[in-house]
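By convention in this document, chain letters (A, B, ...) are assigned in the order of the sequence lines, proteins followed by strands, and residues within each chain are numbered from 1. For clarity, every value in this text was computed on a predicted model and none was experimentally measured.
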There are 2 protein chains.
Amino acid sequence: MTKKVTIKDIARELNTNYSTVSRALNDSPKISDATKQNVLRQAKLMGYQPNSFAQKLKKGYSNTIGLIVPRINRVFFSNVIHGVETIAKQQGFNVIICQSNESVKDEEDNVKTLLSNNVAGIIMSISKETQTQDSFQEILNNKIPFVMFDRALNNLVSNQVVNDNFKGAYEVTAHLIKQGYQKIIHFSGPLYINIYQDRLEGYKKALEDYKIAFNPNFVIENTLTKDKGIAAVEQLLKQKIDFDAIFASGDYSALGAILCLRQHEILVPEQVGVAGFANEPFTELLDITSVEQFSTDMGKSAASLLLDKIQHKDTSDQHQNIEILPQLIIRKSTQKL
Amino acid sequence: MTKKVTIKDIARELNTNYSTVSRALNDSPKISDATKQNVLRQAKLMGYQPNSFAQKLKKGYSNTIGLIVPRINRVFFSNVIHGVETIAKQQGFNVIICQSNESVKDEEDNVKTLLSNNVAGIIMSISKETQTQDSFQEILNNKIPFVMFDRALNNLVSNQVVNDNFKGAYEVTAHLIKQGYQKIIHFSGPLYINIYQDRLEGYKKALEDYKIAFNPNFVIENTLTKDKGIAAVEQLLKQKIDFDAIFASGDYSALGAILCLRQHEILVPEQVGVAGFANEPFTELLDITSVEQFSTDMGKSAASLLLDKIQHKDTSDQHQNIEILPQLIIRKSTQKL
DNA sequence: TTATTTAATACAAACGTTTGCACAAATACA
DNA sequence: TGTATTTGTGCAAACGTTTGTATTAAATAA
């Protein structure tokens, strides 16, 4: 690595003071246009790159924000990342991305890493394991701007960007009912996480509105993966439970359900309708009804909100709660009619 | 944001000098165990967080590496990111991720951003547009460690981690031939990018080895998206070209081809066999033959290589070229037999 | 006992910026 | 012409660390 050029080097070359160079580079109104030109030319000539550490140290803040997601390589999250990146870059901010691998322990480490990197704010979606705010208590203590997206804790008030999961779930369920399905199983997730709770509520409300009795046994908790979806259907069949539809709180368990039903030569959608949630790319290819969450938009919203807080554009001390309207995408897997 | 605690604050509290505190925190052998204990306790008590900017300024280097990918939200790349993150975190490094959006312009901006953030090294896969090294010339000038993965420039010698694309393509083609397909179309990508060139070569070599004449008209360049795949098949059919298989250099155009063939009621694999490249998740679900690239491993390799260079574990000034062996995944779309 | 070594800590400079203040030169006003 | 104001630049402190050197006290050797 060749020796870095500093403003002092430029100043020396130009027979001027380095403070002048600094001001010129920062386009200060105190500096004459002539010197600005000069400095800029010389800086370019010498290949000057400002030392961001010195800048940040002096200024006391960084243009970096932190983003914690459970898994980077999940379509939903990588879309969110994409959205966050886009907005951040637009406003001159960098993003450090961490993944919690769905583990509280990793989550806590991530928080430490980000804080010790002096990020200006943090955006995060909690891991499936996370049941308390212990792992990110330090963020709250440090009082740096903080936004949660998608998954948040039910009992914690914070800046949030979430889907209107209640509505999404309500619409899926209502759609199933309108298609003539009556005995609808719900695959749920951990209920201490807001989104799964909300989806369950939406499901219940739709049943209620359409005068279908809610059967607690029809809710199968913590069934979000393909394998769990398969296992759940196996179980249902073995127990000879009479059902004609499945609304899964995630696409992967919906996929598992379909694969398992197909295995048992049960026709989808004729005998059993199946719907998921998240609109993963494969749902389009496999014609599975799902709910689009506009994940990129969610990332953009979260980033905008955080940056407003960081840049004090949003001076209200209140917590904001942004809801994104999801959209039901009807496909073959639920079209009995 | 509450006032940050510094080592000076700790020193004042302990009636000692801040240099002592610094050394104690860094576990210097010059400091007695008693004081170390003291300092550590006090630091914890006061909630001390080192200011990383000051540290980096003083030390002159950072523990951050940069990663430029064409798109964050592509499974292949998000897996690579995952791999890079994993290794980086293990070794105490952070990763700043940038996306070029397949644009040279953005790529150049990314490079600037990363350099001005004083990253310790850069890992990158070029955009589809990138035909010269202009956009990242600054990295080469700056002489900071640099590793390219997957997509690289054909005529540039650099540290690289790539798949053995030649081998992968050879195996796909050989497999098609063994299945009885004779007239194999190849959907290619931009040929100034190494990987597409290599895949073309692999395809050619297989044809040669199996004594099938190579027909230049059977190579359709720059056909990597679903839409381009559809368009290409439409074109082939319209021109009444006689073919019985398609080897696409990417899964999306393979998907497009299948959808279009299905539209025209041409049976896959009976009448036309179709294979892709990359083993995108949907290929498994749709039973499309493809080539697994071990993308997470690729990210891990790239990160390891870069970190070796950064930490001078690899002192050789030579450029390393790591090849990852891809694996042919045979599925229904090519199983005529 | 005194001289010498060792151990532990204190002092101060440095990293590369930004920025308040002082100052000189140039311009405006009386 | 003299004074007040503006404009542009220089000086120096500060941000929070790390680290070479100086200093002190204690421990050892002579």
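One finds a side-chain N or O of Thr16(B) lying less than 4.0 angstrom from the OP1 or OP2 phosphate oxygen of dA10(C).
When rounded to the nearest whole Å, the span between CG of Asn38(A) and P of dT9(D) equals 10 Å. When rounded to the nearest whole Å, the span between CD1 of Ile31(A) and P of dT6(D) equals 18 Å. Here dG8(D) presents its P atom at 17 Å from CG of Leu14(A), a figure rounded to the nearest Å. When the P atom of dG8(D) is taken as reference, atom CG of Asp33(A) falls 8 Å away, rounded to whole Å.
The aromatic rings of Phe149(A) and Phe77(A) stand perpendicular to each other, their planes meeting at an angle above 60°, with 30° marking the opposite boundary.
Using modelled atom types and a 3.5 Å distance limit, the side chains of Asn79(A) and Asn73(B) yield a donor-acceptor pair. For the residue pair Asp33(B) and Gln37(B), no side-chain donor N or O sits within less than 3.5 Å of a side-chain acceptor on the partner.
Residue Ser52(A) is classed as having no contact, given no heavy-atom separation below 4.0 Å to the nucleic acid. Within 4.0 Å of Ser28(A), counting heavy atoms only, lies no atom of the nucleic acid at all.
Bending across the helix from dT1(C)-dA30(D) to dA30(C)-dT1(D), expressed as the angle between its end axes from five pairs apiece, amounts to 50° (10° rounding).
Within the structure, side chain to side chain donor-acceptor pair (under 3.5 Å) pairs that include any residue of residues 90-99 of chain A comprise Asn94(A)-Asn117(B), Gln99(A)-His82(B) (at least two apart or interchain).
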Does the protein touch nucleotides 17-26 of chain D at the base, only the backbone, or not at all? Give it as B, S and - per nucleotide, heavy atoms under 4.0 Å. BBBBB-----
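In terms of heavy atoms, Ser304(A) sits closest to Ile87(A) at OG-CG2, 3.8 Å.
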When you look at Glu85(A) and Lys300(A), which way does the salt bridge (Lys or Arg N to Asp or Glu O under 4.0 Å) test go after all the steps? CA-CA 8 Å; Glu85(A) 274 280 346; Lys300(A) 288 185 181 174; over 6 Å; no
Distances under 3.5 Å only, N/O to N/O: pair up the protein atoms with those of nucleotides 26-28 of chain C.
none

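Here the side chain of Asn17(A) pairs a donor or acceptor atom with the backbone of Ser19(A) at under 3.5 angstrom.
Contacts of Phe136(A) classified as ring-ring contact (aromatic ring centres under 6.0 Å, His included), with partners at least two apart in sequence or in another chain: Phe146(A). Listed by chain and number, the residues in a side chain to side chain contact (heavy atoms under 4.5 Å, CB included) with Thr132(B) are Asp134(B) (sequence neighbours excluded).
If you take CD1 on Ile122(A) and CE on Met148(A), they are separated by 10.5 Å, rounding to the nearest 0.5 Å. Rounded to the nearest 0.5 Å, atoms CD1 (Ile65(A)) and CG (Leu114(A)) are 10.0 Å apart.
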